[in-house]
Amino acid sequence: MRRAPTMHEPPPIAFFFSDEYARFDYGAAHPMRISRLALTVEVAGAYGLLDGPGVRVLPAKPAPDEDLHRFHRPEYLAALKRASAGEPGWDLLRWGLGSGDNPTFPGLYEYSALLAGATLSAGRLVEAGEVRVAFNIAGGLHHAAPARASGFCYVNDAAVLIAEFLARGRRVAYVDIDAHHGDGVQFGFYDTDRVLTISLHETGETLFPGTGFPEETGAGPGEGFSVNVPLAPGTDDEIFLWALEAVVPPLLRAYAPDLLVTQLGIDTHRTDPLAHLKLTIQGFRRAVEILRGCDLPWVALGGGGYDLANVPRAWAAAWAVMTGREIPDLLPDAARRALQEQGIRLETLSDPLAPPDPLERAQAWRYARASVAAVQELIFPRFGLAAGGAVPARGVPMG
Ligand SMILES: [Zn+2]
């Protein structure tokens, strides 16, 4: 007989992974290293976070074509399959395939379908109420468009899932804290009020894809449902978390979606080679805590992160937040060894403090304050929120 859960048991949560990911490779010179996923599992496993009460570790299963068609055009998926099989094609560049960012590598279709399948399984479990949170570390490929690969992303798993939620009449909030603007998801749902997209990212003035300004607020019935908080190079934990707190919890409370989908890229980290923000692992973890505090049925996805030393620590820390467990800062021996095998010597999950550059920091504060003020002016009134009223004053240096 099944035992009813007691008050003391944490609600079940699910972590998705596949050993199959190791079969695929963007190429030795490409910044996207698929090995970061297995390394994350090693670090989380070393902390004992992948077992225990309520924790379900589930395999990724490939999404069938008909699921991917909810967001992607059939002609594009056909081109992806040809590229994946190594068939030469004069038209591949037309779909964004074969450029430096989006190389054609063997099995890229299978890889994309597999990680999108994990996102769909995660979403369905959460939607059915079987788990409160599901985390697919391989997901969050937020740049892919319906008929175009972009920014290392071939299949936009978040958009495929959101499209499926919409088909079942759900209202969805999508929050993206990757260093890059979540353009593929934003523009995929730009004209509907049934998806609220919020992206905090390094400004398009200095970083790919060059979009994500506060004035991009949506179109038609979707006007007011695309929210962008661009941030300047040098934005650190305090500035990032201030902007996140000012914008995300009030909008999520006001919108009250059925489901929350988040993209948790860690290319915001101060050592990331592709972007110029200055977050630490502990700052990122705090951001995940704020998202958890919004207390919604939650599908968490991975995303960018191009320093192999950061990804496993960040996503193990994120998963610890999702489990509700406290973990020691000192990395367990097995985690240290796994990192060492990759040439990474680290003792702790968190990062040491670094002296700030006062001028850069002042500029980053100014930029963040302007972005948040623009969002409060352009977006907040539509949700019945006072422009400026929701910003906590604490921790904000004035002048
Ligand atoms: Zn990114």
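Each ligand, and each atom within it, is numbered from 1 in the order the structure gives.
With respect to the Zn ion (ligand 1), D267 has OD2 as its nearest N, O or S atom.
For the residue pair T271 and N310, a side-chain donor N or O sits within less than 3.5 Å of a side-chain acceptor on the partner. At a cut-off of 3.5 Å, with distance as the only test, a side-chain donor of N228 or Q186 sits close to an acceptor on the other residue.
Counting backbone and side-chain atoms alike, H142 contributes no N/O/S atom closer than 2.8 Å to the Zn ion (ligand 1).
A salt bridge links R361 with D236; the closest basic N to acidic carboxylate O contact falls under 4.0 Å.
At the Zn ion (ligand 1), the angle from ND1 in H180 to OD1 in D178 is 110° when rounded to 10°.
For the residue pair F135 and W315, the shortest heavy atom distance occurs at CE2-O, 3.7 Å.
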